[in-house]
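See structure below.
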Amino acid sequence: MALKAVHVSDVPNLDQVPENASLALYSSRFPKGVEMNRGAPRIPKFLVIGHRGNGMNALQSSDRRMRAIKENSIMSFNAAASFPLDFIEFDVQVTKDDCPVIFHDDFIFSEENGTVFQRRITELCLSEFLNYGPQREPGKEGKSLLRKTKDGKIVRWDVENDDPHCTLQEAFERVEPSLGFNIELKFDDYIVYQEDSLFRVLQSVLQVVFEYARDRPVIFSSFQPDAALLVKKLQNTYPVFFLTNGGNELYYDVRRNSLEEAIKVCLEGGLQGIVSEVKGVFRNPGALTKIKEAKLSLLTYGKLNNVPEAVYMQHLMGIEGVIVDFVKEITEAVSDMIKPSGGAEEDGSIMQEKSKPEFSQRELSFLLKLIPELIQL
């Protein structure tokens, strides 16, 4: 294999990939009831997960795909379900009256008579939360919905296809049942949570999941280490992953500051895997070996996951799945990567993949050394 230059575009085309033998996840595309670490048959595969459904909203982006459908909505989830996805990822918070709702930001913004108001999601009752944005009842208008951007600007939350806010229960009831849910347990980075507070929130979420999930695959994840550890203690039915920025940002809680710390959290609490910002892995590819040695799974998120070549590279590295915004483009690319050859055979639960090219350990090691240049450190 020859590499011409140090650019993402020069990574090999997405036509074939080596087999990933370390997958420890299950997929909704295959027989229901396949669970983690239960000895059930699995097919080695590469997961694609829709970020906040069919992709997050970036309201100031010039790319229309980032404003096409309201994120974290039933409409977005079902739009994502029309593609060959394994899971959708979405953010769950719990209202003041103990109802799990789906919303990413810690605060919700609205404008009235020229004044901008903000409320914390967890300080709202369910009825108050649902009163923002478009309403279900014909002719009824809710409060205007604004959003605070990363650079501090307050902008109107305008998308081409809007949809009302929804609860976790509604997602289970109204989204294509074969689509798995990656439920991110959302907490404020700047609040120190006591265990009783975490317990109340997690119990509310688990009550809905156990009542409505049925055969739907579910994964829990959280950036909040204590929440991730506690939800694992409270149930042993669904896998729990620890979310980390992988060292791209530093936090007061040192457990959040590196992949090595993430491994420690997982081993301490018996968690099944890590979800890392992809640049954290590319900057520290040696951590992948430690993650595999710890028998943990690894998923990634981040803007680079919208680049097919970067996704291909992760598959080569043995990363087991990606959370993406450009669902259509990446599912097509991954399908080209791993689709069976013509006349593929199925033997029970085992699908025969087409032959893969051979990459020597030396070539892969060279690629790993190249990665920091690929992301222009």
Side-chain angles (χ1 to χ4, degrees), residues 17-28 34-49 51 86-87 89 180-185 217-248 251 253-302 304-305 310-311 313-324 364 368 371:
V17 295
E19 181 176 349
N20 172 12
S22 61
L23 182 65
L25 292 169
Y26 55 82
S27 165
S28 58
V34 179
E35 296 182 356
M36 203 166 205
N37 298 330
R38 299 289 181 90
R42 304 184 185 90
I43 301 172
K45 70 185 305 294
F46 188 72
L47 299 184
V48 180
I49 302 171
H51 187 208
D86 301 286
F87 286 79
E89 179 271 351
F181 284 177
N182 174 6
I183 300 174
E184 180 183 339
L185 304 164
V218 173
I219 295 172
F220 289 113
S221 62
S222 184
F223 283 104
Q224 220 292 343
D226 295 319
L229 295 170
L230 183 56
V231 77
K232 182 64 174 64
K233 289 180 181 178
L234 293 175
Q235 58 83 45
N236 198 34
T237 303
Y238 302 108
V240 180
F241 281 53
F242 181 48
L243 270 158
T244 177
N245 205 262
N248 293 304
Y251 299 88
D253 190 333
V254 296
R255 295 174 294 177
R256 299 187 58 185
N257 289 340
S258 69
L259 286 168
E260 286 77 12
E261 288 293 335
I263 294 170
K264 292 179 184 178
V265 171
C266 291
L267 294 179
E268 171 194 341
L271 310 188
Q272 281 82 8
I274 294 169
V275 185
S276 175
E277 214 288 339
V278 60
K279 285 188 177 181
V281 180
F282 280 175
R283 286 173 170 153
N284 183 15
L288 183 57
T289 300
K290 299 176 184 177
I291 291 169
K292 296 301 178 183
E293 288 174 348
K295 300 187 181 342
L296 298 171
S297 293
L298 177 62
L299 307 175
T300 68
Y301 71 93
L304 275 176
N305 282 353
V311 172
M313 177 62 71
Q314 292 177 72
H315 189 75
L316 291 181
M317 294 169 68
I319 292 168
E320 289 143 318
V322 289
I323 300 173
V324 308
L364 288 175
L368 294 179
I371 284 172

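Along the sequence shown, residues carry numbers from 1. Scope of the values below: all heavy atoms of this structure, side chains included, with no hydrogens, waters or symmetry mates.
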Determine whether [X] and [Y] make a side-chain contact, defined as any pair of heavy atoms from C-beta on separated by less than 4.5 Å.
{"X": "E184", "Y": "F223", "result": "yes"}
{"X": "Q272", "Y": "L296", "result": "no"}
{"X": "P225", "Y": "D253", "result": "yes"}
{"X": "I49", "Y": "V322", "result": "no"}
{"X": "V311", "Y": "F46", "result": "yes"}
{"X": "L185", "Y": "V231", "result": "yes"}
{"X": "Q314", "Y": "F282", "result": "yes"}
{"X": "F242", "Y": "S222", "result": "no"}

Salt bridge check, [Y] against [X]: does any charged N sit closer than 4.0 Å to a carboxylate O?
{"X": "K264", "Y": "E261", "result": "yes"}
{"X": "R255", "Y": "D226", "result": "yes"}
{"X": "E320", "Y": "K292", "result": "yes"}

If you compare all heavy atoms of [X] against all heavy atoms of [Y], which two are closest, and at what distance to 0.1 Å?
{"X": "S221", "Y": "L243", "value": "OG-CD1, 3.6 Å"}
{"X": "A228", "Y": "V240", "value": "O-CG1, 3.5 Å"}
{"X": "Y251", "Y": "N257", "value": "N-OD1, 2.7 Å"}
{"X": "L229", "Y": "G269", "value": "CD2-CA, 3.5 Å"}

Go through the steps to decide whether V324 and H51 satisfy the test side chain to side chain contact (heavy atoms under 4.5 Å, CB included), and finish with yes or no. CA-CA 5 Å; V324 308; H51 187 208; 5.9 Å; no
Just verifying a value: how many Å separate [X] [atom1] and [Y] [atom2], rounded to the nearest 0.5 Å?
{"X": "K279", "Y": "L304", "atom1": "NZ", "atom2": "CG", "value": "5.5 Å"}
{"X": "L47", "Y": "I319", "atom1": "CG", "atom2": "CD1", "value": "12.5 Å"}
{"X": "S276", "Y": "I291", "atom1": "OG", "atom2": "CD1", "value": "7.0 Å"}

Just by modelled atom types, is the [Y] backbone N or O under 3.5 Å from a matching donor or acceptor in the [X] side chain?
{"X": "N248", "Y": "N245", "result": "yes"}
{"X": "N305", "Y": "V278", "result": "no"}
{"X": "Q235", "Y": "Y238", "result": "yes"}

I323/N182 under side chain to side chain contact (heavy atoms under 4.5 Å, CB included): CA gap, chis, key distance, verdict: CA-CA 10 Å; I323 300 173; N182 174 6; 3.9 Å; yes
Give the C-alpha distance, both sets of side-chain angles, the deciding distance and a yes or no for side chain to side chain contact (heavy atoms under 4.5 Å, CB included) between L298 and L288. CA-CA 8 Å; L298 177 62; L288 183 57; 3.5 Å; yes
Dump the intermediate steps for side chain to side chain contact (heavy atoms under 4.5 Å, CB included) on I274 and L299, then the final yes or no. CA-CA 6 Å; I274 294 169; L299 307 175; over 6 Å; no
